[in-house]
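Worksheet: one structure, shown below.
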Protein chains: 2
Amino acid sequence: MRKATTTIADVARKANVSTATAGRVLGNYGYASETVRKKVQKAARELGYRPNHLARSLIRGETRTIGVVVGDIQSPFYARIIRGISDVARASDMGLIITNSDEATDLEEQSVELLMDKKVDGMIVSPCDTINAAHLRAAHEAGIPMVLIDRRVKGLEVDSISLDSVGSARAGVGDLLRAGHRRIALVAELAGTGGMTIERIMSSSPPGPPDINYHYPSWQRLLGYLLAHHDAGIAPQSDLICQVKSYSSKVAAKKAVEILRSDTPPTALFTADGVMSAGVMAAVKEVGARIPDDISLLCFDDLDWMEFMVPGIDAISQPRKQMGQMAARLLMERIADPTSEPRVLDLVPRHVERGSIRQILTTEGVNGGPDA
Amino acid sequence: MRKATTTIADVARKANVSTATAGRVLGNYGYASETVRKKVQKAARELGYRPNHLARSLIRGETRTIGVVVGDIQSPFYARIIRGISDVARASDMGLIITNSDEATDLEEQSVELLMDKKVDGMIVSPCDTINAAHLRAAHEAGIPMVLIDRRVKGLEVDSISLDSVGSARAGVGDLLRAGHRRIALVAELAGTGGMTIERIMSSSPPGPPDINYHYPSWQRLLGYLLAHHDAGIAPQSDLICQVKSYSSKVAAKKAVEILRSDTPPTALFTADGVMSAGVMAAVKEVGARIPDDISLLCFDDLDWMEFMVPGIDAISQPRKQMGQMAARLLMERIADPTSEPRVLDLVPRHVERGSIRQILTTEGVNGGPDA
DNA sequence: AATTCATGTGAGAACGTTCACACAAAAGCG
DNA sequence: CGCTTTTGTGTGAACGTTCTCACATGAATT
């Protein structure tokens, strides 16, 4: 319980050199002869010297710490991403400060403020507001390296890594259509931020507002859903779109039960993320439907339990850990070179087939059908 | 992209006061008259002054940051715990540095070292070595506030929060026995650290080595399993104990398949944690057994999917988030008062019944039976 | 009028590093 | 031998705070 922390000055005194010299060998920068180096290291070892990173950071202007702000660290989606980030951070000998925003702008602002106060060398953010995000623009303006993950912010030109949500939803729903499904319900958050509405997105043909990349992934997945219908020449029905509006399994379950119990229930469900998937599973259990006989299911994001359900649940699998790793690497490179052109990356998820999709023989026969 | 960071000196100059005075009002410590206070605050606002926490930390000797080291942040168990910690940290306006140990001593040592380098005000650790843990003893010796979570270290007298693993496993397995099960398999990690062996733990009657609290929770759950048998006057059979030895679903699944396919399969399975539970579910699927008709199931740790499986899976539910919150609060209090007696807390999990346990009518009838 | 006392303020030294610079000694070069 | 260059070390000023003093005021008390 000794309070005496040994400093460079102590080491220098013991080794009979100046603090500057001792500093040079201990911080290894600048010249130092072999003999002096030995002497200083010996003294440091004997005194149990440990450099004070605070003082070093103060003068060097870098903390070797990066910050992360995500929606909710306990969701499997973010937890894996963070694991990926953490691995890269450890490999680079960097600390990792983590905060959650609970998908609320004010908490996200607080988080960013905390990270800036801690003088992180850079931050990885999953922004909850993709249109305004004044605090992120300010942080970027202030020159702090930033990488966006899963979502992008309109007009904010920083590195980012996301998924091809539109394309993979399009392909996944396409698989459902090719399996003969004609009434496919979409269960998605589709929160009303940024002025996007279901009407707006459905109004053009083919559907696709130009700024779709700056909206929540759930909107992109809706677009993919609509495009798949367009591809197949089938008119989508707006009563099959469950707009959950909040990021909640409970609400998703409620909505899903409603649609499953309606007079004209869907033959398949497509969920836009893991939270929705859990809600839908609860709904399926509540109405007592069997998969895939009564209802087919395709979920965005592959969760552990989907593999050992009987039958297994088809999923669009996102490389979550890899996303985290790449985000961290992008950030490291950005820190090393703040001026280069920002990079915008998109990963491609894949459809994992497990048997939760029933093949329906349509009158005109199955055209296409999944690979398996 | 301006590099000019405005300091207390700038504010002081603009407000025509000394840096000391400006420091007093901006850091609010010491005297400052109302007029001066107003002047300084105005100047600070106009210059957009933001205090440099690095410099403050250097001199004050506190960083307002706490560190956490857990096994793996992407496991639902730790993810929830961290969420709980994070909530309390945010409320206390503290930063949170997170690292994973992957249950390996050397990585844990690295993590602790990182945290000490970052000069955290305290740390919460889920130790992977409950016997030696020299680095934890050293950190404690060095006076840094520490709270252990989920596991304790022998002879290390610090605050800790765990679960009553022995008691709740004993109760849970007791429920299985009361339901008439006589061949109950335990699937648990039971890694061979610290010299504990199945033989040793089974050798006394009633079972229970005195230092059980300083072993992994899986050993404690084994003890609960044995005690439940002892309570019921039934001799446990060592061939029903699956020692997975690593923290891996895959291996757990393999072991579980073996025992399910043996000549004398169990009628019920008891898993010691979430990882084992996932493995067991995969095994049940692989052998094509139906729950609860062919095999009953009781899992330690309640995971999301257990609720919407058909039937639901009985679980011993651990208050994970609450554990995190309490750990963080313990740490805050320890930081505030480093000298008081360490507190050793145990939370009590509860058995959530969902229908994965079949009632077996024994020849002598069901004696007792669950509450429901 | 002299002494206390609370209330403010400022000068300057910490905190533990790094960094710019000066400078001495040794070495290279004509 | 004088000159530059290299190699190595020390001095002292940063970095941006907080903290310990000293020291003014002016009011209250003796």
Side-chain angles (χ1 to χ4, degrees), chain A residues 2-44 47-65 116-121 142-143, chain B residues 2-41 43-44 47-65 95 116-121 142-143:
Chain A
R2 63 186 50 173
K3 206 78 241 127
T5 159
T6 109
T7 76
I8 277 196
D10 299 328
V11 176
R13 206 170 308 122
K14 174 144 189 168
N16 274 319
V17 292
S18 70
T19 61
T21 320
R24 275 190 282 259
V25 9
L26 295 174
N28 54 285
Y29 51 92
Y31 289 111
S33 69
E34 202 48 40
T35 49
V36 162
R37 177 152 285 163
K38 281 271 179 3
K39 247 195 330 187
V40 171
Q41 278 163 346
K42 178 154 173 282
L47 292 174
Y49 169 76
R50 305 244 60 194
N52 184 324
H53 287 65
L54 243 39
R56 175 173 293 173
S57 294
L58 180 58
I59 193 164
R60 286 225 260 225
E62 54 155 57
T63 52
R64 299 202 64 75
T65 303
M116 303 215 36
D117 280 353
K118 297 275 182 236
K119 295 271 186 292
V120 293
D121 292 340
Chain B
R2 63 188 50 175
K3 207 75 241 130
T5 159
T6 108
T7 77
I8 278 197
D10 298 328
V11 175
R13 206 170 307 120
K14 174 143 187 168
N16 274 317
V17 293
S18 69
T19 61
T21 320
R24 274 189 283 259
V25 9
L26 295 174
N28 55 283
Y29 51 92
Y31 288 112
S33 69
E34 202 49 39
T35 49
V36 162
R37 177 153 285 163
K38 280 272 179 7
K39 251 198 324 191
V40 172
Q41 279 163 345
L47 292 174
Y49 169 76
R50 305 244 60 194
N52 184 324
H53 287 65
L54 242 41
R56 175 174 292 171
S57 294
L58 179 58
I59 194 164
R60 285 225 263 227
E62 55 155 56
T63 52
R64 298 202 65 74
T65 303
M116 303 215 36
D117 280 352
K118 296 275 182 238
K119 295 269 185 293
V120 293
D121 293 340

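Quick note on labels: first sequence line is chain A, next is B, and so on, each numbered from 1.
Residue A:Ile8 contributes atom CD1, which lies 8 Å from atom C1' of C:dT18 at whole-angstrom precision. One atom, CZ of A:Arg56, and another, C1' of C:dG16, lie 10 Å apart when rounded to the nearest Å. Atom CG in B:Leu54 sits about 13 Å away from atom P in C:dT18, given to the nearest Å. For B:Lys119 and C:dC15, the NZ to P distance is 14 Å, given to the nearest whole Å. Rounded to whole angstrom, the span from the CZ atom of B:Arg60 across to the P atom of C:dC15 amounts to 17 Å. C:dT9 atom C1' lies 16 Å from atom CD of B:Glu34, rounded to whole Å. Taking atom NZ of B:Lys39 as the reference point, atom P of C:dT9 lies 8 Å away to the nearest angstrom.
Judged by distance alone with a 3.5 Å cut-off, a donor-acceptor contact links the side chain of B:Arg24 to the base of C:dG10.
In this structure a side-chain-to-backbone donor-acceptor pair under 3.5 Å is missing from B:Lys118 to A:His53.
Both B:Val17 and B:Ala55 sit near DNA chain C, but only B:Val17 has its closest nucleotide nearer the 5' end. In this structure, B:Asn52 and A:Ala32 both approach DNA chain D, and ranking their closest nucleotides by distance from the 5' end singles out A:Ala32.
Side-chain contact check for A:Asn52 versus B:Leu58: some heavy-atom pair is nearer than 4.5 Å. Within the 4.5 Å cutoff, the side chain of A:Lys38 has no heavy atoms near those of the A:Lys42 side chain.
B:Arg37 comes within 4.0 angstrom of nothing in the nucleic acid, heavy atoms only.
When the side-chain nitrogen and oxygen atoms of B:Thr21 are compared with OP1 and OP2 of C:dG10, one or more of them lie within a distance under 4.0 Å. Close to C:dT17, at under 4.0 Å from its OP1 or OP2, lies a side-chain N or O of A:Tyr49. Side-chain N/O atoms of A:Ser33 include one lying less than 4.0 angstrom from OP1 or OP2 on D:dT9. The side chain of A:Tyr29 places an N or O atom within less than 4.0 Å of a non-bridging phosphate oxygen (OP1 or OP2) of C:dT18. An OP1 or OP2 oxygen of C:dG16 is reached within less than 4.0 angstrom by no side-chain nitrogen or oxygen of A:Thr7.
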